[in-house]
Visitor: 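First, the structure itself, so that you have it in front of you.
In what follows, chains carry the letters A, B, and so on, assigned in the order in which the sequence lines appear, proteins first and then strands, with residues in each chain numbered from 1.
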Amino acid sequence: MIDIKQIRDNPEQFKDACSAKHFNVDIDGLLAVDAELKTVKQQLQDISTDKNRLGRSIPKLSPEEKQSALSQLSELKQREAEYNEQLGQLQPQFDELMQQVPQPADDDVPLGKDDTENIEIRKEGEIPRFDFEPKDHVQLGLALGIIDIERGVKLAGTRNYFLKGDGALLHWAVLRFAMDLVAGRGYVPLSVPLLMKDEAMRGTGYYPGSEDQTYRMEKDQLNLVGTAEVPLTAYRMGEIVDADELPLKYVALSSCFRREAGAAGKDTYGLYRIHQFDKVEQVVVCANSAEESRKYHEEILANAEAVMRDLGLPYRVVNVCTGDLGRGQAKKFDIEAWMPSRGKYCETHSASKFYEFQARRMNLRYKEPGTKRNLFCHTLNNTVIASPRILIPILELYQNADGSLTIPEVLRPYMNGKQKITQPS
RNA sequence: GGAGCAGUGGCCGAGCGGCUGAAGGCGACGGUCUUGAAAACCGUUGUACCGAAAGGUACCGGGGGUUCGAAUCCCUCCUGCUCCGCCA
């Protein structure tokens, strides 16, 4: 959420943000509602003042005076009811519009319509050449007996799968490796609830907007998270955090659930786009300073890159353009791994910077030491690793001519020292 | 799921219809004293909104109601604790 004062002071900035990020929000309409709301609230406040004064005087009045005070009061109450009526109309309109106003993108974010206009910042690692006909991850997984999509679909529907034997172990090895790396860099590991109340969904900015993407437990009014970003970022929701606790750095391993509504027919092959996966996610909550935000944005990106480098996966980093940014995101770096079967770099990580957009929604603050003012925190998050999507490049890049798979060195300690996954004979 | 009890400021805790944004204590901050510190004493110490300011308004778990007036009475929801049932 944006500070209404900023919108009042500089509506053009937010109109521009809307068009750059392709959100259609009626800023002028919002300001009109805001102005009306302000006068209505002022009237109501004045009426309250009068009511309070009259009410307080009542015990000291003579019976006749009391009568006239009471009739004045009922008059006031009638006017109050009228203004309350108006308030009841305006406030929801205002809240609704405010939820929709997007965070303007940073100046160094490229203008663009969608992910095709993201700008590559750098490439790391070599794309290997094979001197044999390489298999894709589905063929490999099937041949090695470590991926079973058919039965996943049989039992859970499309976009579901089983990982089996060394496939399951490899999946967990990647996650544990990533968790250890980031926890080793001072991030506090958290095991988190995955069913979140609507408030947490709203606080992180997923609601309103992503209801269709979310599995919802209607009976209990809870939402299955699509990412641990939700419990991690909302962990201190509504609190005034001690300034010397900042920055808060959290990392969690969680299952993630996505309905992938509207993606019908898209990325239907293999383990790329699926309804359920596991992810290690990192979140930073820092002080209200653009410089701090920038610093930690780079830090979480560096953490993710360390994981990719250690796994020996070629990737590139892109600066995500305005049209591909979420409502609350001021800037986003995606890491895209090279996926041979797809013949291109594909998103595996997403590092987002929100400034105070999320903190404001969830009322997450700290007391600034010098001024003693309560300021909204800044929040950031990034994937550390998401599996099985990351198994796509791992399988496809580490396959051998004989059909076996070499296990990346850093994962071997998590697989009892095993070096290769071979075809069952 | 059933029964009972409870939810007050950073914390503890009083208030149980108007003079209470809320006693008292702890903590924190500023000052006096001291070579420095401690102790003692004095003062300050919630949040948000409106206002240039003076000041005003709202908030005692959330929402609603009764009343001229509610932290205080009523309803409801949420959360916690205790007991019972059920399941792990």
Side-chain angles (χ1 to χ4, degrees), chain A residues 1-9 30-95 97-99 101 191-203 207 216-223 231 234-246 248 285 288 356-377:
Chain A
M1 190 140 68
I2 306 297
D3 186 350
I4 183 65
K5 289 177 197 148
Q6 281 187 39
I7 306 175
R8 285 178 195 145
D9 292 347
L30 170 62
L31 288 172
V33 173
D34 175 50
E36 269 189 87
L37 198 56
K38 204 172 159 182
T39 58
V40 168
K41 281 182 170 168
Q42 187 60 53
Q43 293 295 332
L44 277 169
Q45 187 180 316
D46 292 346
I47 291 171
S48 283
T49 307
D50 293 345
K51 270 176 60 190
N52 286 346
R53 204 186 38 235
L54 265 173
R56 258 194 299 270
S57 72
I58 278 182
K60 306 165 212 139
L61 298 179
S62 66
E64 309 86 71
E65 288 172 324
K66 194 167 170 180
Q67 267 321 109
S68 99
L70 286 181
S71 73
Q72 277 186 63
L73 265 167
S74 71
E75 211 174 296
L76 282 170
K77 281 182 126 175
Q78 200 175 335
R79 283 181 55 212
E80 186 178 40
E82 285 163 22
Y83 281 116
N84 267 323
E85 173 80 16
Q86 291 186 44
L87 184 72
Q89 297 271 321
L90 292 168
Q91 190 68 54
Q93 287 179 38
F94 178 78
D95 293 344
L97 284 163
M98 280 301 283
Q99 297 253 309
V101 180
S191 172
V192 300
L194 302 182
L195 284 165
M196 291 277 112
K197 295 187 185 179
D198 292 343
E199 294 159 69
M201 302 301 285
R202 273 197 297 271
Y207 286 2
R216 180 174 168 81
M217 309 292 142
E218 199 48 58
K219 243 184 228 170
D220 301 290
Q221 305 203 334
L222 292 169
N223 309 281
Y235 184 49
R236 307 292 293 269
M237 179 166 81
E239 297 187 26
I240 298 176
V241 192
D242 281 346
D244 49 19
E245 272 192 90
L246 299 177
L248 303 168
V285 176
N288 190 302
E356 57 178 52
F357 187 87
Q358 291 182 316
R360 188 174 275 278
R361 284 177 164 238
M362 64 177 90
N363 204 21
L364 171 58
R365 295 172 295 172
Y366 69 101
K367 203 173 278 291
E368 191 179 44
T371 61
K372 299 202 168 176
R373 288 181 307 161
N374 291 330
L375 299 181
F376 290 105
C377 300

Visitor: Who is the Watson-Crick or G-U wobble partner of B/rU34, with both distances under 3.5 Å?
Guide: none
Visitor: Work out how far the C1' atom of B/rU45 is from that of B/rG9, and round it to whole angstrom.
Guide: 11 Å
Visitor: Taking atom C1' of B/rU47 as reference, at what distance in whole Å does atom CD of A/Glu239 sit?
Guide: 15 Å
Visitor: Counting distance only, does the side-chain N/O of A/Tyr366 pair as donor-acceptor with the main-chain N or O of A/Asn288 below 3.5 Å?
Guide: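 Between the backbone of A/Asn288 and the side chain of A/Tyr366 there is a qualifying donor-acceptor contact (under 3.5 Å).
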Visitor: Tell which nucleotide pairs with B/rG69, taking only Watson-Crick or G-U wobble pairs whose two distances are both under 3.5 angstrom.
Guide: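 Base partner found: none.
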Visitor: Roughly how many Å is it from CZ in A/Arg56 to C1' in B/rG56, rounded to a whole number?
Guide: 11 Å
Visitor: Examine B/rU45: is either OP1 or OP2 under 4.0 Å from a nitrogen or oxygen in the side chain of A/Lys367? Give yes or no.
Guide: no
Visitor: So A/Tyr83 and A/Glu80, do their side chains get closer than 4.5 Å, heavy atoms only?
Guide: no
Visitor: What's A/Arg365 touching, base or sugar-phosphate or nothing? Going by heavy atoms closer than 4.0 Å.
Guide: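 Sugar-phosphate contact only.
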Visitor: Taking the same atom, P, in B/rG36 and in B/rG25, what whole-Å distance lies between them?
Guide: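 Going atom to atom, P in each nucleotide, I get 29 Å.
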Visitor: Provide the Watson-Crick or G-U wobble partner of B/rG51, both distances under 3.5 Å; none if there is no partner.
Guide: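 Across any shown strand, B/rG51 pairs with none.
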Visitor: Write down the distance between CG (A/Asp46) and P (B/rU57), rounded to a whole number of angstrom.
Guide: 10 Å
Visitor: Tell which nucleotide pairs with B/rA23, taking only Watson-Crick or G-U wobble pairs whose two distances are both under 3.5 angstrom.
Guide: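 Because no pair has both required distances under 3.5 Å, B/rA23 counts as unpaired.
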Visitor: With rounding to the closest Å, how many angstrom separate the P atoms on B/rA14 and B/rA23?
Guide: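 It works out to 14 Å between them.
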Visitor: In this structure, how many angstroms lie between the C1' atom of B/rU57 and the CD atom of A/Glu80, rounded?
Guide: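 After rounding, the reported distance stands at 12 Å.
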Visitor: Under 4.0 Å, counting only non-hydrogen atoms across every strand here, what does A/Lys66 touch: a base, just sugar-phosphate, or nothing?
Guide: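 No contact at all - A/Lys66 keeps every heavy atom at 4.0 Å or more from the nucleic acid.
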Visitor: Using a 4.5 Å cut-off on heavy atoms from C-beta on, say whether the side chain of A/Tyr207 contacts that of A/Asn223.
Guide: yes
Visitor: A/Asn52: which residues meet the side-chain contact (heavy atoms from CB on, under 4.5 Å) condition with it, sequence neighbours left out?
Guide: A/Arg56
Visitor: Check A/Arg216 with A/Asp198, please: is the shortest side-chain N to carboxylate O separation under 4.0 Å?
Guide: yes
Visitor: Would you mind telling me which of B/rU57, B/rG69, B/rC49 lies closest to the side-chain atoms of A/Thr49?
Guide: B/rU57
Visitor: For A/Asn374 and B/rC49, give me the distance from atom CG to atom P, rounded to whole Å.
Guide: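 Distance check: A/Asn374 CG to B/rC49 P gives 11 Å.
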Visitor: When you compare B/rC68 with B/rG63, how far apart are their C1' atoms, in angstrom units rounded to a whole number?
Guide: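 One C1' to the other, the span is 24 Å.
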Visitor: Which nucleotide, if any, forms a Watson-Crick or G-U wobble pair with B/rU44, using both distances under 3.5 Å?
Guide: B/rA28
Visitor: With sugar-phosphate meaning primed atoms plus P, OP1 and OP2, does A/Leu73 contact a base, only sugar-phosphate, or nothing at under 4.0 Å between heavy atoms?
Guide: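 Contact class for A/Leu73: sugar-phosphate only.
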Visitor: Tell me: CG of A/Asp3 to C1' of B/rA48, nearest whole Å?
Guide: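 Nearest whole value for this atom pair: 13 Å.
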Visitor: Under a 4.5 Å cut-off applied to non-hydrogen side-chain atoms, are A/Arg8 and A/Asp34 in contact?
Guide: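 The answer is yes, as the side chains (C-beta and beyond) meet within the 4.5 Å cut-off.
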Visitor: Taking the P atom in each of B/rU8 and B/rG1, what is the distance between them to the nearest angstrom?
Guide: 25 Å
Visitor: Among B/rC49, B/rC68, B/rA58, which is the nearest nucleotide to the side chain of A/Ser48?
Guide: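 The closest nucleotide is B/rA58.
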Visitor: Taking any strand in view, what nucleotide pairs with B/rG85 in a Watson-Crick or G-U wobble way, both distances under 3.5 Å?
Guide: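 The answer is none; no pair meets the criterion.
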Visitor: Could you tell me how far apart A/Glu199 (CD) and B/rG62 (P) are, to the nearest whole angstrom?
Guide: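 Roughly 13 Å, once rounded to whole Å.
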Visitor: Assign each of A/Leu44 and A/Gly55 to its nearest nucleotide of RNA chain B by heavy atoms, then name whichever residue's nucleotide is nearer the 5' end.
Guide: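 Looking at RNA chain B, the more 5' nearest nucleotide goes with A/Gly55.
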Visitor: In the strands shown, is B/rA6 matched to any nucleotide by a Watson-Crick or G-U wobble pair with both distances under 3.5 Å, and which?
Guide: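 The answer is B/rU79, by the H-bond criterion.
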Visitor: Between A/Leu364 and A/Met237, is a side-chain contact (heavy atoms from CB on, under 4.5 Å) present by the stated rule, with each step listed?
Guide: CA-CA 5 Å; A/Leu364 171 58; A/Met237 179 166 81; 6.0 Å; no
Visitor: Would you indicate what A/Asn52 reaches in the nucleic acid, counting non-hydrogen atoms under 4.0 angstrom: base, sugar-phosphate, or nothing?
Guide: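 Sugar-phosphate: the residue A/Asn52, judged by heavy atoms under 4.0 Å, touches backbone atoms but no base.
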Visitor: Can you tell me, in whole Å, how much space there is between the C1' of B/rG65 and that of B/rG17?
Guide: 15 Å
Visitor: Indicate whether any N or O donor in one side chain lies under 3.5 Å from an N or O acceptor in the other, for A/Asp95 and A/Gln91.
Guide: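 There is such a pair between these side chains.
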Visitor: Find the partner of B/rA14: check Watson-Crick (N1-N3 plus N6-O4 or O6-N4) and G-U wobble (N1-O2, O6-N3) distances, both under 3.5 Å, and reply none if neither fits.
Guide: none
Visitor: Supply the atom-to-atom distance A/Gln43 CD to A/Ile47 CD1, rounded to the nearest 0.5 angstrom.
Guide: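 Output value for this atom pair is 6.5 Å.
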Visitor: Rounded to whole angstrom, note down the C1' distance from B/rG10 over to B/rG27.
Guide: 8 Å
Visitor: Take atom CD of A/Gln91 and atom C1' of B/rA58, then tell me their distance rounded to the nearest Å.
Guide: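 Taking atom C1' of B/rA58 as the reference, CD of A/Gln91 is at 13 Å.
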Visitor: Can you list, in residue-number order, the parts of residues 30-43 of chain A that come under 4.0 Å of RNA chain B, counting heavy atoms only?
Guide: A/Lys38, A/Gln42
Visitor: If you pin A/Leu54 and A/Ile240 to their nearest nucleotides in RNA chain B, which one's is more 5'?
Guide: A/Ile240
Visitor: How far does the C1' atom of B/rC77 sit from the matching atom of B/rA22, given to the nearest Å?
Guide: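 Taking atom C1' in both B/rC77 and B/rA22, they lie 26 Å apart.
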Visitor: Would you say the side chain of A/Met98 lies within less than 4.5 Å of the side chain of A/Ile7, judging by non-hydrogen atoms?
Guide: yes
